[in-house]
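Single-structure report; data block below.
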Amino acid sequence: MSKDKSYYFCGIGGSGMLPLAMIVRESGAEVSGSDRALDQGRLAAKFEWLKEKGVGLFAQDGSGLTSGNQILIASAAIEDTVPDVAKANSLGCARMTRAELLAEQFNASPRSIAIGGTSGKSTVTGMIGWILTEAGLDPTIMNGAVMKNFVADDAPFASSRVGDGGIMVSEVDESDGSIALFDPEIAVLNNVSLDHKSLEELRQLFGDFAGKVKHCIWNKDDAETAALVDGLDLHDAISFGFSDGADFQASDIEEAPVSSRFTLAVDGDTFPVTMQVPGRHNIANALAAIAAASAVGVPVATSVAAIATFNGLARRFDVVGTANDISVIDDFGHNPDKIAATLKTMKAFPGRIIAFFQPHGFGPIHKMGAELAEVFAELLDGDDRVILCDPVYFGGTVDRSIGSESITNAVTAAAGNADHIADREDCGAQIVEIAQPGDRIVIMGARDDTLSLFASAILAKLAAKQ
């Protein structure tokens with residue numbers, strides 16, 4: 001499908017763009033692109049790796065676009081005045097969004113599994129991909145996060161995998177409505193909760209998503225999902241969860257700081273399951289993955305064995321290290337559900353929590369700032385602290401009248417310990433200064449790969465602290 005085509009990715013280093021670029025390159029397409037981070041000298045290792053893979057990299061000034069035969073892959077939100085877009089328009093280049101190109105690849109696959117929901121998509125995608133790989137089905141996997149099981153010397157940024165098994169596994173995004181472009185054989189619906197869109201919009205999107213597939217794998221524990229499924233005429237639907245009556249049910253839960261165990265019940269049989277990732281949310285993710293794998297014919301015992309060796313994803317409760325008995329965790333948490341899952345996992349064990357959060361834009365604060373503050377106030381108590389820097393801002397005309405201080409003020413008003421420190425580096429200095437042995441520091445936020453470097457820098461400073 002992509003053979004002999006030439007794609008130019010505007011923002012090629014992004015978590016959604018990079019894996020798709022590698023998938024179409026493996027299919028025979030020519031791939032090149034630009035990125036703001038490249039121009040700014042950030043994330044050098046990632047761009048050096050792309051060069052080694054034969055990807056042409058250019059400044060984000062339009063210079064990489066030289067022929068009308070190139071296809072520009074760019075966000076629909078990018079304005080025509082951006083140099084890459086202006087040059088593409090002047091050359092008469094076709095233009096697609098990332099989601100449109102991904103859907104084109106996905107819908108052409110003989111078999112397909114799409115993972116949707118407000119939270120847990122990347123982890124479930126990684127779990128399913130690993131199960132199918134271990135089962136010998138050789139899947140193609142499109143993820144928004146680096147999958148540790150697939151990391152190798154020649155694949156340090158393994159957020160995608162290309163296989164020859166004729167089956168594609170991909171997370172699909174509701175935030176821009178592009179979930180509607182995908183026509184999967186199997187749809188996984190993790191949950192429905194407030195994020196980028198209103199609940200009314202999400203119910204419509206997810207309802208359409210679940211209603212058109214051969215198999216729907218759905219979360220029986222999530223009230224919104226259950227209500228949605230109840231209103232649909234589904235065939236061969238499979239439920240998962242902790243609740244009585246779930247087709248794939250977990251019980252006998254044993255949680256540890258960085259692992260978990262449970263008993264899986266399916267069709268009257270039981271299976272002991274061990275996992276190298278912590279938290280009840282990851283147990284639910286594993287249930288979804290095992291159920292989805294069963295829908296393509298993978299025996300449950302095979303899936304259980306694979307899940308035991310699943311190493312997790314980068315920036316998903318990713319333990320960076322420990323120094324002076326202070327642990328640093330890097331996490332993608334950015335909406336109320338994700339942050340709550342991370343904090344609940346941490347609160348299951350003793351030790352003060354210092355939570356740092358970088359909002360991924362001013363828009364999300366407008367949309368869910370009150371709910372974010374409520375999560376921090378409810379789950380952090382005693383000596384726990386939450387520190388916010390200013391939101392990520394990439395330019396444009398977004399309303400910046402409400403910022404991070406609205407969240408910290410609400411947490412403080414609810415008797416919580418919260419600080420707004422505008423500059424991220426100043427936040428890091430404050431965290432290092434107040435951290436004490438026994439503390440757990442979690443770095444949370446999305447849309448910014450440098451947060452991992454920030455977490456590593458904090459760990460290094462803690463190690464050097466006398």
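Bear in mind that the values here come from a model prediction, so they are computed numbers and not experimental data.
- One finds a salt bridge joining D448 and R424 here, because a Lys/Arg side-chain nitrogen approaches an Asp/Glu carboxylate oxygen to under 4.0 Å.
- Salt-bridge annotation for R95 and D80: present, with a side-chain N of the basic residue lying under 4.0 Å from a carboxylate O of the acidic one.
- For T133, there are no side-chain hydrogen bond (donor to acceptor under 3.5 Å, both in side chains) partners two or more places apart in sequence or in a different chain.
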With side-chain contact (heavy atoms from CB on, under 4.5 Å) as the criterion, how do E224 and N191 come out once you've worked through the C-alpha distance, each side chain's angles and the decisive distance to 0.1 Å? CA-CA 7 Å; E224 279 286 343; N191 40 52; over 6 Å; no
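- Between E30 and K5 there is no salt bridge, since no side-chain N of the basic residue sits under 4.0 Å from a carboxylate O of the acidic one.
- Residues D236 and K214 are not paired through a salt bridge, judged by the lack of any N-O separation under 4.0 Å between the basic side chain and the carboxylate.
- Between F454 and F356, the ring-plane angle classifies as tilted under the 30° and 60° cut-offs.
- The aromatic ring centres of F240 and W218 sit 6.0 Å or more apart.
- Judged purely by atom type and a 3.5 angstrom limit, D337 has no side-chain atom pairing as donor or acceptor with the backbone of S119.
- Classification of R42 and D35 as a salt-bridged pair fails, no side-chain N sitting under 4.0 Å from a carboxylate O.
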Starting from the C-alpha separation in whole Å, work towards a yes-or-no answer on side-chain hydrogen bond (donor to acceptor under 3.5 Å, both in side chains) for D247 and S239. CA-CA 5 Å; D247 297 317; S239 63; 3.3 Å; yes
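- With salt bridges taken as basic N to acidic carboxylate O contacts below 4.0 Å, one links D449 and K46.
- Using a distance-only test at 3.5 Å, with no hydrogens or angles considered, no donor-acceptor pair links the side chain of D330 to the main chain of R315.
- Note that R316 lies in the cation-pi zone of F332, set by a 6.0 Å cut-off to the ring centre and a 45° limit from the axis.
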Show your reasoning for whether side-chain hydrogen bond (donor to acceptor under 3.5 Å, both in side chains) applies to S122 and E171. CA-CA 6 Å; S122 297; E171 60 174 306; 2.8 Å; yes
